[in-house]
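Because only heavy atoms are used, hydrogens play no part in the values below, and waters and symmetry mates are left out as well, while side chains stay in. So you know, we letter chains A, B, ... as the sequences are listed, proteins then strands, and number each from 1.
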Amino acid sequence: MPVVTRYAPSPTGALHIGGARTALFCWAYARHHDGQFLLRFEDTDRERSTLESETVVLEALRWLGIDWDAVPGFEDVPRQSERGPRYEEVLAKLLESGAAYRCVCDDARLEHLRERARQGGQAAVYDGACRERGIAADCAEPFCVRLRIDAHAPTRWDDAIAGASGQDASDLGDYVVARTDGTPIYHLACSVDDHDMGVTHVIRGREHMSSTSRQLPLYSAMGWQPPAFAHVPLLVEASGKKLSKRQDAVSVQSYRERGFSPQAVLNFIARLGWGHGDLELFDREQLAEVFEMSGVGHSASQVHEDKLLWISQHWIKTLPMDELVEQLQPFLDAEAGRPVEDSAELRKLLDLLRERSKTWVEMAAQAGFWLRDEIELDPKAARKQLKAGIAGPLGELRAALADLTEWTEETLDPTFHAVAEKHDLKLGKLAQPVRVAIVGVPQSPGIFETLAVLGKQRSLQRIGAALEYIAARDSEGGD
RNA sequence: GGUCCCAUCGUCUAGUGGCCUAGGAUACCAGGUUCUCACCCUGGAGACACGGGUUCGACUCCCGUUGGGAUCACCA
């Protein structure tokens, strides 16, 4: 039987990396087995579900490169809100067979029940008061529908990650499957959907563990073969707390905005709670190739971004230039304050910067000296490197550079060395002031490469400006 | 409170009843390389939560303790 997995988010906000990771595992498992990966929106919570959120979730998945298959019979990603009739149908069958029954217990009684159970140190489960009352559909009182969970109901399963799982049926109680208004509760909708969509492997977060105990009897009541279950351990914050608080900071969108490539984010989240020997760096396809459920760990993982930064740098270093430019473009535009045109020169610069950037944001910032015509000197660096003593050699260097007819690393190099030697300076003593002059800060790619890519005119102009800076400072008495 | 789950370097993880005084990665520190930064290279420090068992032998199995977490809705 071909593998079918699904990711079924509630469209109530951004897709955070915990959800993205679950989706990724579902995707990888399906792809590994040449199966199908489906999507569905669990939007039965009408209050919180929004269309906008659906778009955000889909966009995040797309960005990560997690592609999904179409669900037969649906043009779009299925929504639970559109499947009401089907749930009613199942509900009717459940009622008819006696697997479910109508319950007229009101909130007050239920609350009382819970309180008493808690006081007595017992599990707060429904006492089954309406179980044998045979309440009919034409009952005058408002009623909900509960699933009958007998002592022998199947509530245990062999989890693909957690192993033997489940709890006693007696700890569950007859839970509600349909509200007073007739709408289905999650467990019903979810089970029916998974069954109808032909899902063979439900891979979901650990927080759904007890849902499974409840859903299994439902499958049994309908005479359906339940899917295999795999519950993925949670992701927690660096503080060890649940991942929901700073949700915006850990949303896929946030990582995107902070300048991480989808490759890096995917690589990073896959390694959170999953491992394959010593494999650290891999792309989507490689992941699908080696992904096994047995590689998923049993304990929660903390989201520390140290490793993400390293992974991100790796991808920036190795991405094909075309893709690099494509991903970097928005950050470049933002840095420049205008649309930046692609060019051979730009690409030369980016090749120099890609070795020393951990994010697109960082890379764009480092490109700032090239993107702008005017630069600002970092005060501290200027004070340190642009001192009176260097004015002479720097002036001479500028003159020598001005005489160059060819402006390449090969012509720049000997020019520098000649001036440095003449003044008995180490290359660094000359290179650093020049670096600060043309870049503004004391770090950049190699000085010759940087000059070459900046161009003769702008380089000479900036060195000239630096000389003026020194002169101005000198006349003020310097420090 | 009931039920259930988890526990290896700061972090992500590998691992097996003896080959592990525990491997990789990252982060950190120190060197090297270099015109700076980064990359890269070399080295360093750093963990089996605790206590009982079982066993010839446990990080690995069992029990308890502690710590963390999930869930117990007419939310999903």
Side-chain angles (χ1 to χ4, degrees), chain A residues 8-10 12 42-45 47-49 80 103 105-107 110 114 117-125 142-146 159 162-163 165-168 170-173 175-187 189-190 205-211 213-214 231 233-234 236 238 240-242 268 271-281 295 297-311 313 317 352-358 362 366 381 385 413 416 420 426-436 439 441-448 450:
Chain A
S10 325
T12 55
E42 307 211 320
D43 62 344
T44 50
D45 183 347
E47 294 285 302
R48 296 188 300 152
S49 302
Q80 290 189 329
C103 168
C105 295
D106 58 20
D107 286 347
L110 261 20
R114 272 193 286 269
R118 194 161 287 227
Q119 275 173 0
Q122 298 289 306
V125 294
F143 60 84
C144 66
V145 179
R146 290 182 182 271
D159 196 273
S165 303
Q167 48 192 306
D168 287 345
S170 59
D171 290 320
L172 252 28
Y175 68 92
V176 174
V177 288
R179 303 183 181 96
T180 304
D181 65 5
T183 58
I185 286 302
Y186 165 73
H187 297 297
C190 178
R206 199 72 143 208
E207 71 272 20
H208 285 287
M209 204 91 186
S210 63
S211 296
S213 285
R214 287 161 198 280
H231 291 86
L234 265 27
V236 295
K241 295 287 169 235
K242 203 186 168 201
F268 175 61
R271 281 291 286 121
L272 247 29
W274 172 84
H276 185 261
D278 290 337
L279 183 66
E280 295 285 352
L281 298 167
H298 293 186
S299 52
S301 312
Q302 292 185 20
V303 180
H304 273 239
E305 289 176 9
D306 287 347
K307 190 106 148 222
L308 171 60
L309 254 6
W310 171 72
I311 292 172
Q313 182 168 29
K317 281 192 295 186
L352 300 178
L353 298 180
R354 74 194 315 187
E355 289 278 326
R356 50 206 103 213
S357 307
K358 293 195 191 310
E362 208 178 286
Q366 291 180 87
Q385 298 297 157
D413 188 322
F416 261 72
K426 283 193 168 181
L427 187 59
K429 292 292 175 192
L430 192 56
Q432 274 309 81
V434 172
R435 174 169 280 115
V436 171
V439 182
V441 294
Q443 310 91 34
S444 84
I447 194 66
F448 308 128
T450 305

Enquirer: Using atom C1' of each nucleotide, how far apart are A22(B) and C39(B) to the nearest Å?
Expert: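 That atom pair is separated by 31 Å.
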Enquirer: Check nucleotides 37-39 of chain B for protein N or O atoms closer than 3.5 Å to its own N or O atoms and list the pairs.
Expert:
| residue | atom | partner | partner atom | Å |
| --- | --- | --- | --- | --- |
| C37(B) | O2 | Arg356(A) | NH1 | 3.2 |
| C37(B) | N3 | Arg356(A) | NH1 | 2.4 |
| A38(B) | O2' | Gln313(A) | NE2 | 3.2 |
| A38(B) | O2' | Glu355(A) | O | 3.1 |
| C39(B) | O3' | Lys317(A) | NZ | 3.0 |
| C39(B) | O2' | Glu355(A) | OE1 | 3.1 |

Enquirer: Please tell me which of Gln432(A) and Gly275(A) maps to the more 5' nucleotide of RNA chain B, matching each residue to the nucleotide holding its nearest heavy atom.
Expert: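 Comparing both residues, the 5'-ward one is Gly275(A).
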Enquirer: How would you label the contact of Arg114(A) with the nucleic acid (heavy atoms, under 4.0 Å): base, sugar-phosphate, or nothing?
Expert: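 Sugar-phosphate contact only.
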Enquirer: Drop me the distance from Leu353(A)'s CG to Lys317(A)'s NZ, to the nearest 0.5 angstrom.
Expert: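 One finds 14.0 Å between CG of Leu353(A) and NZ of Lys317(A).
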Enquirer: Nucleotides 1-11 of chain B: which of its N/O atoms have a protein N/O under 3.5 Å away?
Expert:
| residue | atom | partner | partner atom | Å |
| --- | --- | --- | --- | --- |
| U3(B) | O2' | Gln167(A) | OE1 | 3.2 |
| C5(B) | O2' | Arg206(A) | NH2 | 3.0 |

Enquirer: Using the side-chain heavy atoms of Arg271(A), tell me which of these nucleotides is nearest: G24(B), U71(B), C75(B).
Expert: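 Out of G24(B), U71(B), C75(B), the nucleotide with an atom closest to Arg271(A)'s side chain is G24(B).
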Enquirer: Using a heavy-atom cut-off of 4.0 Å across all strands, would you classify Ser10(A) as base, sugar-phosphate, or nothing?
Expert: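 It contacts sugar-phosphate atoms only.
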Enquirer: Provide, to the nearest angstrom, the distance between the CG atom belonging to Leu430(A) and the P atom belonging to U36(B).
Expert: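 Taking atom P of U36(B) as the reference, CG of Leu430(A) is at 13 Å.
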Enquirer: Determine, stepwise, if the pair Val125(A) / Asp171(A) fulfils side-chain contact (heavy atoms from CB on, under 4.5 Å).
Expert: CA-CA 7 Å; Val125(A) 294; Asp171(A) 290 320; 5.6 Å; no
Enquirer: Expressed in angstrom and rounded to an integer, what is the separation of Trp274(A) atom CH2 from A25(B) atom P?
Expert: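 For the pair Trp274(A) CH2 and A25(B) P, the rounded distance is 17 Å.
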Enquirer: Between C48(B) and U36(B), how many Å separate the two C1' atoms, rounded to a whole number?
Expert: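 Pairwise C1' distance, C48(B) against U36(B), rounds to 43 Å.
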Enquirer: With rounding to whole Å, what would you report as the distance between U60(B) and G44(B) at their C1' atoms?
Expert: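 Approximately 29 Å lies between the C1' atom of U60(B) and that of G44(B).
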Enquirer: Where does the angle between the aromatic ring planes of His208(A) and Tyr186(A) fall among parallel (under 30°), tilted (30 to 60°) and perpendicular (over 60°)?
Expert: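 Correct class here is tilted.
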Enquirer: In dot-bracket form, how is RNA chain B paired, counting a Watson-Crick or G-U wobble pair only if both its distances are under 3.5 Å and using | for bases paired to another strand?
Expert: (((((((..((((....[....)))).(((((.......)))))....(((((..]....))))))))))))....
Enquirer: Hey, is the side chain of Arg435(A) pairing donor to acceptor with the base of C35(B) inside 3.5 Å?
Expert: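 Present.
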Enquirer: Taking CG from Leu234(A) and P from A76(B), how many angstroms apart are they, rounded to a whole number?
Expert: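 Roughly 19 Å, once rounded to whole Å.
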Enquirer: Are Ser357(A) and Gln366(A) close enough, and set up right, to give a side-chain contact (heavy atoms from CB on, under 4.5 Å), and what steps lead you there?
Expert: CA-CA 8 Å; Ser357(A) 307; Gln366(A) 291 180 87; 2.9 Å; yes
Enquirer: Figure out the CD/C1' separation between Glu207(A) and C75(B), and round it to whole Å.
Expert: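 Atom-to-atom, Glu207(A) to C75(B), this comes out as 13 Å.
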Enquirer: If you look at every strand shown and take non-hydrogen atoms under 4.0 Å, does Leu172(A) touch a base, only sugar-phosphate, or nothing?
Expert: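 Nothing: the residue Leu172(A), judged by heavy atoms under 4.0 Å, touches no strand.
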Enquirer: Mind checking the OG-NE2 spacing from Ser210(A) to His187(A)? Nearest 0.5 Å is all I need.
Expert: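 Answer rounded to 0.5 Å: 7.0 Å.
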Enquirer: Output the single nucleotide from G69(B), C74(B), U36(B) whose closest atom is nearest the side chain of Arg179(A).
Expert: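 Of the candidates, C74(B) comes closest.
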Enquirer: Give a yes/no answer on whether the side chain of Ser210(A) brings an N or O atom under 4.0 Å of OP1 or OP2 in C72(B).
Expert: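 Answer no for this pair, as no side-chain N or O of Ser210(A) is under 4.0 Å from OP1 or OP2.
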Enquirer: Establish, from distance only, whether the side-chain atoms of Ser170(A) and Asp168(A) form a donor-acceptor pair under 3.5 Å.
Expert: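 Looking only at side-chain atoms, Asp168(A) and Ser170(A) do not form any donor-acceptor pair under 3.5 Å.
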Enquirer: Looking at every strand, decide which applies to His231(A) at a 4.0 Å heavy-atom threshold: base, sugar-phosphate, or nothing.
Expert: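 His231(A): no heavy atom of the nucleic acid under 4.0 Å.
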Enquirer: What closest approach, in Å, do Pro233(A) and Ser299(A) show between heavy atoms, and which atom pair accounts for it?
Expert: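 Looking at all heavy atoms of both residues, the closest pair is CB-O, 3.4 Å.
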Enquirer: What is the separation between atom CD on Glu47(A) and atom P on C74(B), rounded to the nearest whole Å?
Expert: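 Distance, rounded to whole Å: 17 Å.
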Enquirer: Say you pick atom C1' in A14(B) and the same atom in C59(B); how far apart are they, in whole Å?
Expert: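 Each nucleotide's C1' atom is 13 Å from the other's.
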Enquirer: Between CZ of Arg206(A) and OG of Ser165(A), what distance do you get to the nearest 0.5 Å?
Expert: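 Answer for the CZ-OG pair, Arg206(A) versus Ser165(A), is 7.5 Å.
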Enquirer: Could you walk me through whether Val434(A) and Phe448(A) pass the side-chain contact (heavy atoms from CB on, under 4.5 Å) check?
Expert: CA-CA 10 Å; Val434(A) 172; Phe448(A) 308 128; over 6 Å; no
Enquirer: To the nearest 0.5 Å, tell me how far His304(A) NE2 sits from Leu272(A) CG.
Expert: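 The NE2 atom of His304(A) sits 10.0 Å away from the CG atom of Leu272(A).
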Enquirer: Can you tell me how far the CZ atom of Arg114(A) sits from the CG atom of Asp107(A), to the nearest 0.5 Å?
Expert: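 One gets 7.5 Å once the value is rounded to the nearest 0.5 Å.
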Enquirer: With nearest nucleotide decided by heavy atoms, which residue, His276(A) or Ala431(A), maps closer to the 5′ end of RNA chain B?
Expert: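 Comparing both residues, the 5'-ward one is His276(A).
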Enquirer: Rounded off to whole Å, could you give me the CG-to-C1' distance for the Leu309(A) and A25(B) pair?
Expert: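 Checked: the CG to C1' distance equals 15 Å.
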Enquirer: Please tell me which of the listed nucleotides, A76(B), G24(B), U71(B), lies nearest to the side chain of Asp278(A)?
Expert: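 Looking only at side-chain atoms, Asp278(A) lies closest to G24(B).
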Enquirer: Which is true for Leu272(A) with a 4.0 Å heavy-atom rule: it touches a base, it touches only sugar-phosphate, or it touches nothing?
Expert: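 Sugar-phosphate, backbone atoms only, no base.
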Enquirer: Does Arg354(A) reach a base, just sugar-phosphate, or nothing at all? Heavy atoms under 4.0 Å.
Expert: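 Nothing, no heavy atom under 4.0 Å.
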Enquirer: Ser213(A) vs Leu172(A), test: side-chain contact (heavy atoms from CB on, under 4.5 Å). Steps then yes/no.
Expert: CA-CA 8 Å; Ser213(A) 285; Leu172(A) 252 28; 3.9 Å; yes
Enquirer: Please state the P separation for the pair A73(B) and G10(B) - nearest whole angstrom.
Expert: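 My reading of the P atoms in A73(B) and G10(B) gives 39 Å.
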Enquirer: Quick one: Lys426(A) NZ to C35(B) P, roughly how many Å, whole number?
Expert: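 Rounded to the whole Å, the gap is 9 Å.
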Enquirer: Can you tell which of C35(B), C74(B), A76(B) lies closest to the side chain of Gln80(A)?
Expert: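 Taking heavy atoms from C-beta onward, the closest nucleotide is A76(B).
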Enquirer: In Å, rounded to the nearest 0.5 Å, how long is the span from OG of Ser49(A) to CD of Glu42(A)?
Expert: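 Ser49(A) OG to Glu42(A) CD: 9.5 Å, rounded to 0.5 Å.
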Enquirer: Can you tell me how far P in C61(B) sits from the matching atom in G1(B), rounded to whole Å?
Expert: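 Their P atoms lie roughly 28 Å apart.
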Enquirer: Can you tell me if NZ on Lys426(A) sees more than 12 non-hydrogen neighbours from other groups inside 6.0 Å?
Expert: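 No, NZ of Lys426(A) has 12 or fewer neighbouring heavy atoms, counting only those of other groups under 6.0 Å.
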Enquirer: Using atom C1' of each nucleotide, how far apart are G64(B) and G31(B) to the nearest Å?
Expert: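 About 49 Å, rounded to a whole number of Å.
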Enquirer: Indicate, with a heavy-atom threshold strictly under 4.0 Å, whether Glu280(A) touches base, sugar-phosphate, or nothing.
Expert: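 Base contact - Glu280(A) has a heavy atom under 4.0 Å of at least one base atom.
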Enquirer: Let me know the distance between CG of Leu279(A) and C1' of G23(B), rounded to the nearest Å.
Expert: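 So the CG-C1' distance, Leu279(A) to G23(B), works out to 15 Å.
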Enquirer: Could you work out the separation of C9(B) and U21(B) based on their C1' atoms and round it to a whole Å?
Expert: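 To the nearest whole Å, 14 Å.
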